[in-house]
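The structure appears right after this line, and notes come after that.
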Amino acid sequence: MRAVAALVCAMALMAPGAVHAQNTAGWTSDYTDGVVTATERDDHGRVTATITCRPPDGVMVLSDFTLANAGRRAQRADVKIGNLSVNIPSRVEGRGRDQALRIDLPQRPPILAAVQPNDHITITVNRQTRELSDGSAVKMKEVAYGCWGS
């Protein structure tokens, strides 16, 4: 009987986490120690992209965890929002599951002026293209204003 009760308690504790993990797809935002971060997660709760900015330098970093393999030999990536695109230096950082294609966007990148509510960020590296999920362009703009307004 105790084993059954323990099993029921364990399942009750696990259930909210399991439901939470399934419903974490999309974007979340965070502001910690002066760093503004937007994080994209997939349907399984795994981080697929981040946008960060740290004052006072104001450099935004776009990291994509799905394009790391494609970006290994690349030195540049295209970042597109709406109809505007910039080709900028990129590199792969990290190891294993933490490996990401890192793109340092210049301070106050001109492509932010083009952001419309329904736009997506699209990243292309070595002929591999990925469109970030809904709200990605707006999240980038929020990160920028949160960082530059500090």
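Keep in mind that the numbers below use all heavy atoms, side chains included, and drop hydrogens, waters and symmetry copies. Since the model is a prediction, treat every value here as computed from it, not as a measurement. Residues take their numbers from the sequence shown, with the count starting at 1.
Heavy-atom minimum distance, Ile103 versus Pro89: CG2-O, 4.0 Å. Contact between Val143 and Thr52 at its shortest, heavy atoms only, is CG1-C, 4.1 Å. Minimum heavy-atom separation, Val36 to Cys147: CG2-N, 3.8 Å. Taking both residues in full, the closest heavy atoms of Val125 and Ala74 are given as CG2-CB, 3.3 Å, listed atom of the first, atom of the second, then distance. Taking both residues in full, the closest heavy atoms of Arg72 and Val92 are given as N-CG2, 3.6 Å, listed atom of the first, atom of the second, then distance. The shortest heavy-atom contact between Ser136 and His120 is OG-CA, 3.4 Å.
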Under the side-chain contact (heavy atoms from CB on, under 4.5 Å) rule, what do Asn69 and Gln99 come out as? Steps first, then yes or no, please. CA-CA 9 Å; Asn69 286 336; Gln99 196 172 48; 4.1 Å; yes

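If you take CG on Asp64 and CZ on Arg102, they are separated by 14.0 Å, rounding to the nearest 0.5 Å. A distance of 4.5 Å separates CD1 of Ile121 from CD1 of Ile81, quoted to the nearest 0.5 Å. Atom OG1 of residue Thr122 and atom CG of residue Asp78 lie 10.5 Å apart, to the nearest 0.5 angstrom. Distance check: Lys141 NZ to Gln116 CD gives 7.5 Å after rounding to the nearest 0.5 Å. For the atom pair Leu132 CG and Asp119 CG, the distance stands at 12.0 Å (nearest 0.5 Å). Separation of atoms CZ (Arg41) and CZ (Phe65) is listed at 10.0 Å; rounding is to 0.5 Å.
Using a 4.5 Å cut-off on side-chain heavy atoms (C-beta onward), Met140 and Leu105 make contact. Using a 4.5 Å heavy-atom threshold, the side chains of Leu67 and Ile123 count as touching.
Donor-acceptor pairing under 3.5 Å is lacking for the side chains of Thr39 and Trp27. For Ser29 and Lys139, the side-chain atoms include at least one donor-acceptor pair closer than 3.5 Å. No hydrogens or angles considered: nothing links the side chains of Arg76 and Ser90 as a donor-acceptor pair under 3.5 Å.
Val86 and Leu62 fall within the same hydrophobic cluster, where Ile, Leu, Val, Met, Phe, Trp and Tyr residues are linked whenever their side-chain heavy atoms come under 4.5 Å apart, directly or through other members. Both Ile88 and Val115 are assigned to one and the same hydrophobic cluster, defined by single-linkage of ILVMFWY side chains at heavy-atom distances under 4.5 Å.
Using a cutoff of 4.0 Å between basic side-chain nitrogens and carboxylate oxygens, Arg91 and Asp104 are scored as salt-bridged. Checked for salt-bridge contact, Glu40 and Arg130 meet the test: a charged N lies under 4.0 Å from a carboxylate O.
No side-chain donor-acceptor contact under 3.5 Å links Asn126 to the backbone of Gln128. Using a distance-only test at 3.5 Å, with no hydrogens or angles considered, no donor-acceptor pair links the side chain of Ser63 to the main chain of Thr50.
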